[in-house]
Amino acid sequence: MSITLPPPAPSRNNPATFSDRMDAFLAWFVTMAPELNALAYATGPGVFLNGNAAAPAIIFGNDTDTGLYRQAENQLAMATAGVRRLLLGASAFQVDLPITGTAVTQSSTDTTAGRLHRTDDNILFHALRRFGVYYPSGNGVNIDSAVAGDAGLYDATLAGTFPAASGFWWITSQAIYSGAALLQRAIRYTAAGTPPATADEYMRIRANDGTWGAWRRVYNSGSVVGYASQSGGVPTGALFDPSSNANGRYHRDAGGLMTCSHTFVIKPSSDATSGVKSATWTFPAAFADAVSVVPTGALISSSPNGRVGLTFGFPTTTSVVVYYNEIAGTSSDVNVRVQAVGRWY
């Protein structure tokens with residue numbers, strides 16, 4: 001953009017040309033004004049002083065303490081009423097006043113993507129509505145290297161120690177102290193169909209030095225009673241396991257104790273003879289060792305005076321022989337109610 005050169009200047013020393021040149025000079029001002037305005041808006045860099053918050057470098061005619069200024073190298077600041085409100089640097093954007101409008105959530109349940117959460121919003125609502133990150137097989141993540149705040153759905157074939165080697169697990173990691181100390185919780189995920197009545201839940205702790213403890217099952221009303229199991233003396237199933245079969249009932253607990261009971265005919269009515277009678281009771285479940293088995297029992301009879309001496313042979317892990325002395329020798333069934341207590345592991 002160029003500016004029209006001025007005409008020859010008028011001179012008082014030359015009265016003959018003064019009037020004409022003055023008219024031409026004044027007319028040139030009318031032409032020059034829009035040319036200068038156009039030049040001000042032309043493309044190209046403008047050079048300004050640094051300015052400060054009280055006197056910004058770029059201001060408005062009726063508001064001289066509001067505008068833009070350079071606070072330091074590669075830092076652009078904005079001030080209003082002589083106070084810095086925004087600071088944009090090469091690696092950060094600092095805002096020194098509350099943010100309102102559609103850039104922030106409008107309510108405690110606003111889920112619009114890209115909006116900032118206000119401190120008075122229901123942060124727990126927003127945290128709990130997300131399951132975290134999905135980590136399928138081959139993802140490369142290692143749950144043993146998790147950090148506080150990690151949460152997601154993990155395939156059990158990934159690296160690290162899982163409660164079980166199959167399926168998907170929803171795992172959260174929470175800091176419990178400084179350093180590497182961490183609490184992990186894992187719940188088995190059911191992808192389709194009816195979820196199990198029992199939440200298969202486990203937890204473990206990582207010490208501050210990075211050492212992991214073993215996964216331990218978290219029991220609830222759906223997992224206290226069920227199938228009792230163990231691995232190396234550590235319970236891995238339900239706390240209590242009541243069950244039965246044709247040989248009676250048994251009750252195992254997670255600590256290793258088992259109680260078996262049964263009621264059966266030791267002498268049928270077809271046997272009307274007297275003398276010692278016996279029958280073998282096969283336990284409804286096997287004990288871990290015969291030494292721990294303690295059998296007890298009682299005769300159930302309408303003629304107790306004619307029947308005495310209920311005793312037991314040496315028990316094995318799977319059975320015991322029951323004896324009694326039949327004195328009356330009557331033709332009626334004689335029942336015995338027996339119990340054996342021992343260890344199943």
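When a residue number appears, it is its place in the shown sequence, counting from 1.
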To the nearest 0.5 Å, tell me how far [X] [atom1] sits from [Y] [atom2].
{"X": "L257", "Y": "T259", "atom1": "CG", "atom2": "OG1", "result": "5.0 Å"}
{"X": "C260", "Y": "Q339", "atom1": "SG", "atom2": "CD", "result": "9.0 Å"}
{"X": "S91", "Y": "N74", "atom1": "OG", "atom2": "CG", "result": "10.0 Å"}
{"X": "L49", "Y": "I58", "atom1": "CG", "atom2": "CD1", "result": "10.5 Å"}
{"X": "L183", "Y": "T172", "atom1": "CG", "atom2": "OG1", "result": "7.0 Å"}

side-chain hydrogen bond (donor to acceptor under 3.5 Å, both in side chains) with [X]: which residues, sequence neighbours excluded?
{"X": "S221", "result": "none"}
{"X": "S145", "result": "none"}
{"X": "R206", "result": "none"}
{"X": "T161", "result": "none"}

Check: [X]/[Y] side-chain N/O donor and acceptor closer than 3.5 Å:
{"X": "R70", "Y": "Q75", "answer": "no"}
{"X": "R115", "Y": "T105", "answer": "no"}
{"X": "T17", "Y": "D20", "answer": "no"}
{"X": "S332", "Y": "S269", "answer": "no"}
{"X": "S229", "Y": "T236", "answer": "yes"}
{"X": "R337", "Y": "T263", "answer": "yes"}

Mind checking whether [X] and [Y] have side chains closer than 4.5 Å, heavy atoms only?
{"X": "P56", "Y": "L68", "result": "no"}
{"X": "S244", "Y": "H251", "result": "no"}
{"X": "I171", "Y": "Q184", "result": "yes"}
{"X": "Y69", "Y": "N50", "result": "no"}
{"X": "Y189", "Y": "Y154", "result": "no"}
{"X": "L97", "Y": "L86", "result": "yes"}
{"X": "D96", "Y": "R85", "result": "no"}

Atom CE of M203 with >12 non-hydrogen neighbours under 6.0 angstrom: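 Atom CE in M203 is packed in, count exceeds 12.
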
Greater than 12 external heavy atoms within 6.0 Å of F93's CZ: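 Atom CZ in F93 is crowded, with more than 12 foreign heavy atoms closer than 6.0 Å.
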
I'd like to check the salt bridge (charged side-chain N to carboxylate O under 4.0 Å, His left out) partners of [X]; sequence neighbours left out, ordered by chain and number.
{"X": "D289", "result": "none"}
{"X": "D241", "result": "R252"}
{"X": "D144", "result": "R204"}
{"X": "D155", "result": "none"}

State, to 0.1 Å, how close [X] and [Y] come at their nearest heavy-atom pair, and which atoms those are.
{"X": "R84", "Y": "L87", "answer": "NH1-CD2, 3.6 Å"}
{"X": "I143", "Y": "W215", "answer": "CD1-CZ2, 4.4 Å"}
{"X": "P315", "Y": "A290", "answer": "O-CB, 3.4 Å"}
{"X": "A181", "Y": "Y177", "answer": "CB-CB, 3.8 Å"}
{"X": "S274", "Y": "I327", "answer": "CB-O, 3.8 Å"}
{"X": "V234", "Y": "R216", "answer": "CG1-NH1, 3.0 Å"}

Does [X] use its side chain to pair, donor to acceptor, with the backbone of [Y] at less than 3.5 Å?
{"X": "D150", "Y": "V147", "answer": "yes"}
{"X": "N245", "Y": "P284", "answer": "yes"}
{"X": "D253", "Y": "G256", "answer": "yes"}

Assess the residue pair E201 and R217 against the criterion (salt bridge (charged side-chain N to carboxylate O under 4.0 Å, His left out)); give the C-alpha distance rounded to whole Å, side-chain angles, the decisive distance to 0.1 Å, and a yes or no. CA-CA 6 Å; E201 183 178 0; R217 189 170 187 179; over 6 Å; no

Name the one of D200, L158, I187 that satisfies side-chain contact (heavy atoms from CB on, under 4.5 Å) with W169?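 Considering D200, L158, I187, a side-chain contact (heavy atoms from CB on, under 4.5 Å) with W169 is found only for D200.
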
Is it possible for you to say whether Y323 and V265 belong to one hydrophobic cluster, with membership spreading through side-chain heavy-atom contacts below 4.5 Å?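 The answer is no; the residues belong to distinct hydrophobic clusters.
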
Among the clusters formed by ILVMFWY side chains lying less than 4.5 Å apart, do L88 and L116 turn up in the same one?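 In one cluster with L88: L116, yes.
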
Looking at residues at least two apart in the chain, or sitting in another chain, which of them share a side chain to side chain contact (heavy atoms under 4.5 Å, CB included) with S19?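 For S19 there are no side chain to side chain contact (heavy atoms under 4.5 Å, CB included) partners, ignoring immediate neighbours.
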
Before giving the answer on side-chain contact (heavy atoms from CB on, under 4.5 Å), spell out for N52 and Q71 the whole-Å C-alpha distance, their side-chain angles and the decisive distance to 0.1 Å. CA-CA 7 Å; N52 53 52; Q71 176 159 306; over 6 Å; no

Which pairs with one or both residues in residues 5-29 pass ring-ring contact (aromatic ring centres under 6.0 Å, His included), sequence neighbours excluded?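 The answer is F25-W28, F25-F29.
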
Can you list, by chain and residue number, the hydrophobic cluster partners of V224 when the side-chain cut-off is 4.5 Å?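 Its cluster mates, by chain and number, are Y219, V225, L239, F240.
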
My understanding is that a hydrophobic cluster links ILVMFWY residues whose side chain heavy atoms are under 4.5 Å apart, including indirect links. Using that, what else belongs to the cluster containing V338?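 Listed partners: Y250, M258, F264, I266, W281, F283, F287, V293, L299, L310, F312, V320, V322, Y324, V334, V336, W344, Y345.
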
Please test R343 against S292 for side-chain hydrogen bond (donor to acceptor under 3.5 Å, both in side chains), starting from the C-alpha separation and ending with a verdict. CA-CA 6 Å; R343 301 196 62 81; S292 68; over 6 Å; no

Please determine if E326 and K277 form a salt bridge, counting it only when a charged side-chain N lies under 4.0 Å from a carboxylate O.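 Answer for the salt bridge query: no.
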
Less than 4.0 Å between a side-chain N and a carboxylate O, is that true for K267 and D333?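 No, this pair does not count.
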
